[in-house]
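To start, the structure under review is shown below, and the notes come after it.
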Amino acid sequence: ELKKLPWKRTFLKPTPSAESTNVKSFMKKNLNNKYFKNHINYLKTRHFDKVVAQKFMNGFATTKYPELRTFWIGNTYQYTVETTEIGYDWTLRKKQLPRTVSILSKKVLGLLESKFHDALIVTRLDWGFDGKKYFLNEIESAPGTFSEVFPEGKWNLDHKIGDMFI
């Protein structure tokens, strides 16, 4: 199936996964080689039975175009953490969320609520930018909150999550 896609390079991530572990990318011409097969077999030995395949985005999560990890309680925006590289340098975004990301996020959240016939508690929608447009990279339904980027006493997402449960 991957060979049928028009992508020159494919990014593979097992699911469920965490913290960019067990991820790899492969050039289209290498989808038949032993490294690809070995990686798939390795994932099977680690008891992953599913992988997410994405078009490899050159320059994803760079200083110029950081990944935007947006946090939502229900469908209300809370904050964004910007990350670069493999997600280990975290910065609380001070600028307003790009309008497109805000509009598309609310659309995605509405679709999720509709699909699962339930209100969302806390959701993280992660966005990338390819130099031309934003794209949804990942949906986290039980996300890490990056609370450590907040100054002492300024983080209150746990209270808002509790209020949603109540």
Side-chain angles (χ1 to χ4, degrees), residues 1-73 78-93 98 100-101 104-105 107-149 157-158 161:
E1 292 300 311
L2 293 176
K3 290 181 214 168
K4 295 177 188 175
L5 296 171
W7 308 335
K8 292 179 184 175
R9 189 170 176 185
T10 300
F11 180 79
L12 293 180
K13 177 167 79 172
T15 184
S17 67
E19 300 181 2
S20 300
T21 56
N22 303 307
V23 300
K24 287 219 187 276
S25 65
F26 294 93
M27 298 298 291
K28 187 173 202 153
K29 65 183 179 183
N30 294 331
L31 293 176
N32 280 334
N33 75 21
K34 69 179 181 178
Y35 299 109
F36 177 77
K37 292 174 185 166
N38 287 346
H39 183 65
I40 297 301
N41 288 332
Y42 167 77
L43 294 176
K44 287 178 183 177
T45 66
R46 305 278 302 188
H47 306 291
F48 292 108
D49 61 351
K50 295 180 179 94
V51 290
V52 173
Q54 294 174 290
K55 178 181 177 184
F56 181 83
M57 303 302 285
N58 198 19
F60 174 71
T62 62
T63 303
K64 185 175 182 181
Y65 301 123
E67 181 178 24
L68 304 179
R69 298 182 184 207
T70 65
F71 290 82
W72 302 81
I73 298 290
Q78 302 299 309
Y79 59 90
T80 296
V81 173
E82 296 181 349
T83 58
T84 60
E85 311 251 343
I86 54 174
Y88 292 114
D89 63 331
W90 313 326
T91 306
L92 186 61
R93 183 178 176 92
T100 302
V101 170
L104 291 173
S105 292
K107 185 174 184 177
V108 168
L109 293 166
L111 291 168
L112 290 170
E113 284 185 337
S114 175
K115 176 171 178 54
F116 295 108
H117 309 289
D118 208 353
L120 302 173
I121 303 295
V122 59
T123 309
R124 193 180 83 208
L125 301 178
D126 298 351
W127 295 89
F129 188 74
D130 68 3
K132 295 178 184 167
K133 62 183 178 186
Y134 286 96
F135 61 91
L136 182 62
N137 181 56
E138 189 170 14
I139 300 170
E140 294 273 355
S141 61
T145 59
F146 296 90
S147 60
E148 52 271 40
V149 301
L157 196 68
D158 53 347
I161 292 169

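The chain is numbered in sequence order, starting from 1.
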D130 versus M57, closest heavy-atom pair with distance: CB-CE, 3.4 Å
Distance in Å, L109 CG paired with T70 OG1, rounded so as to fall on 0.5 Å steps: 7.5 Å
Plane angle bin for F129 and Y65 - parallel if under 30°, tilted between 30 and 60°, otherwise perpendicular: tilted
F26 and H39, any side-chain heavy atoms less than 4.5 Å apart: yes
Value rounded to 0.5 Å, distance of OG1 in T80 from CH2 in W72: 8.0 Å
Mutual orientation of the aromatic rings belonging to F146 and F71 [parallel < 30°, tilted 30-60°, perpendicular > 60°]: perpendicular
Atom of Y134, atom of P98 and distance for their closest heavy-atom approach: OH-CG, 3.2 Å
L31 CG to K3 NZ distance, which is reported to the nearest 0.5 Å: 7.0 Å
G110 backbone acceptor or donor facing S114 side chain under 3.5 Å: no
More than 12 heavy atoms of other groups within 6.0 Å of D158 CG: yes
side-chain contact (heavy atoms from CB on, under 4.5 Å) between L12 and L2, worked out: CA-CA 10 Å; L12 293 180; L2 293 176; 4.2 Å; yes
Which atom of T10 lies closest to which atom of A53, heavy atoms considered: CG2-CB, 4.0 Å
Any donor-acceptor pair under 3.5 Å from K8 side chain to K28 backbone: no
Closest contact, heavy atoms only, Q78 versus L157: CG-CD1, 3.8 Å
Full working for side-chain contact (heavy atoms from CB on, under 4.5 Å) between T62 and T84: CA-CA 5 Å; T62 62; T84 60; 5.7 Å; no
Heavy-atom pair of closest approach, residues F48 and T15: CD2-O, 4.1 Å
Point-to-point distance, once rounded to the nearest 0.5 Å, from CH2 of W90 to OG of S147: 8.5 Å
Evaluation steps, side-chain contact (heavy atoms from CB on, under 4.5 Å), between I73 and I161: CA-CA 7 Å; I73 298 290; I161 292 169; 3.6 Å; yes
Charged N-O contact under 4.0 Å between K13 and E138: yes
Derivation of the side-chain contact (heavy atoms from CB on, under 4.5 Å) call for T145 and Y79: CA-CA 10 Å; T145 59; Y79 59 90; 3.6 Å; yes
Nearest non-hydrogen partners of R124 and G144, listed with the distance: NH1-O, 3.4 Å
Inter-residue atom distance Q54.CD - L136.CG, 0.5 Å rounding: 9.0 Å
From E82 atom CD to L92 atom CG, the distance as rounded to the nearest 0.5 Å: 8.5 Å
